[in-house]
Amino acid sequence: MKKIDRVPVREQDPKVRATNFEEVCLGYNKEEALLEASRCLNCKRPRCVEACPVHIDIPGFIHALITEGEAEAAKIISKDSSLPSVCGRVCPQETQCEGSCVLGIKSEPVAIGKLERYVGDWKIDQFVNTASASEDLRLKTEDSTPRNGKKVAVIGSGPAGLACASDLARWGYEVKVFEALHQLGGVLVYGIPEFRLPKEKIVAPEIDAVKRLGVEFVSDVIVGRTTTIDRLLDEEGFDAVFVGSGAGLPRFMGIEGENLNGVFSANEFLTRVNLMHAYDDRYDTPVFNAKKVVVVGGGNVAMDAVRTAKRLGAESVIVYRRSEAELPARVEEVHHAKEEGIEFRMLTNPVRVLGDEKGWVRGLECVEMELGEPDESGRRSPKEKKGSEFEIECDAVIMALGTSPNPLIKSTTKGLDVTRRGCLVADDDGRTSRPRVFAGGDAVTGAATVILAMGAGRRAAKAIDSMINDQLSMINYQ
């Protein structure tokens with residue numbers, strides 16, 4: 001059998017894409033997808049499935065794509081994931097499914113993420129762009145169950161909430177999702193840039209697919225202000241509540257000068273640009289037009305922020321206190337950033353934001369770092385080089401240092417335990433210290449990945465279903 005190399009994915013030219021917000025990766029066409037799918041060994045004990053946080057039947061959908069077509073492949077994926085086009089774009093496949101692919105031992109792994117994206121996009125195209133999209137197509141690609149008379153409230157329409165709501169709806173529950181913002185999608189719409197995840201083309205149709213399962217969505221509802229968890233359980237008749245409200249409270253370094261004009265959190269900056277379309281001249285959303293931006297951090301959010309600043313016309317720099325080997329961001333995102341002309345200043349740590357006489361940022365004072373012994377996370381701990389102070393000239397600084405959950409839900413819900421970082425305490429199945437209240441995703445872990453949040457949402461859905469069925473069994477027994 002002739003060995004087939006991994007099929008490359010077409011992308012926008014770096015010099016062109018660094019000036020626009022159109023999607024970087026163009027994805028596979030049908031011929032490319034089928035050729036890449038033919039590389040799958042269809043393992044009897046697929047390690048890729050175990051490595052996927054939502055346990056998609058990866059060999060199953062790939063084999064179905066080849067033998068039965070996109071509709072059957074989409075149906076197999078939909079049993080475990082309600083967001084295939086999203087996950088195919090933003091999941092860290094290289095450390096999960098693809099990182100466990102047998103082919104990757106001696107060659108390149110199967111491009112599982114790109115194939116999932118292809119199938120997900122095909123399904124969206126059938127529903128959104130094809131006039132003949134019908135009930136028959138829905139039945140081919142989605143499962144549904146008659147309602148069982150039980151109600152579950154889901155707080156947050158991000159990946160954890162969408163995953164939980166989808167599974168519960170498929171099992172017959174009446175599910176109502178409460179979103180604090182005016183637009184549905186949570187971090188998918190406010191946190192991830194358009195050039196990585198198109199909102200109208202991809203996120204909105206994926207949410208529409210969840211709506212087709214019978215899930216009801218209500219926007220502009222702040223749980224803890226507009227309503228409370230107690231009210232949902234005691235007055236509105238919900239049998240359980242799932243908290244998937246994410247982690248939107250930004251962290252700062254606590255260094256001198258962070259209150260200067262021109263210092264932003266990555267959360268605020270990306271929300272203005274992504275959710276409020278500050279990059280689009282047709283919108284009036286204000287955004288600071290900096291000439292040189294320094295982004296502090298090395299995760300995916302830092303890459304999103306620095307690449308966004310570049311597209312807004314700024315000379316853009318990343319400063320990170322460890323070496324490139326310790327960067328937590330996806331390898332693909334770092335590669336794309338370098339292609340687009342982003343400057344990386346490794347082993348660099350800010351100690352002071354410098355301002356001018358009018359209170360605006362004029363620079364960032366930093367020190368050089370060196371790596372010592374590994375810390376509790378397993379990464380080598382950075383330590384300062386004495387006498388290594390230097391300045392980076394800039395007129396804006398964006399802090400991308402992680403986020404924690406908003407304390408509002410905890411402060412308005414008695415009996416709900418949190419960690420010292422403000423994250424909700426929940427077990428592996430999402431059970432919190434409060435009866436009938438479950439939680440998952442970034443609200444529990446702090447900022448993490450889309451697919452991990454989805455996995456948490458799915459586990460919580462199973463636990464909610466189990467709890468309610470146990471209650472029904474006890475009632476019937478009595």
Checklist entry - Taking everything shown except R45 itself, do over 12 heavy atoms lie less than 6.0 Å from its CZ? => result no
Decide, yes or no, whether a salt bridge links [X] with [Y] under the criterion of side-chain N to carboxylate O below 4.0 Å.
X    : Y    : result
R117 : E23  : yes
R307 : E340 : yes
K75  : E72  : no
R170 : D465 : no
K114 : E32  : no
K15  : D13  : no
E94  : R330 : yes
D57  : K79  : no

Looking only at the side chains, is there a donor atom on one of [X] and [Y] sitting less than 3.5 Å from an acceptor on the other?
X    : Y    : answer
H336 : E332 : no
Y190 : Q183 : no
Q12  : N20  : yes

Item to check | salt bridge (Lys or Arg N to Asp or Glu O under 4.0 Å) partner of K338, the single match among E343, E333, E324 | outcome: E324
Checklist entry - Can you name the nearest heavy-atom pair linking F61 to A73, along with the distance? => result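 Heavy atoms only, the tightest pair is O-CB, 3.4 Å.
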Item to check | side chain to side chain contact (heavy atoms under 4.5 Å, CB included), paired with S82, selected from C87, P159, S166, C164 | outcome: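 Among the candidates, only S166 passes.
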Next on the checklist: Aromatic contact between Y118 and Y28, with the criterion being ring centroids under 6.0 Å apart: yes or no?
Outcome noted: no
Next on the checklist: Parallel, tilted or perpendicular: which one describes the rings of H277 and Y283, with boundaries at 30° and 60°?
Outcome noted: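 It falls in the parallel class, under 30°.
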Checklist entry - Is the F21 ring parallel, tilted or perpendicular to the Y279 ring (thresholds 30°, 60°)? => result parallel
Checklist entry - Can you pull the side chain to side chain donor-acceptor pair (under 3.5 Å) pairs that have at least one residue in residues 439-461, sequence neighbours excluded? => result D80-R458, D167-R458
Item to check | Any side-chain heavy-atom pair of P328 and Y320 under 4.5 Å | outcome: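 Yes, their side chains come closer than 4.5 Å.
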Item to check | Distance (rounded to the nearest 0.5 Å) between R47 CZ and I105 CD1 | outcome: 4.5 Å
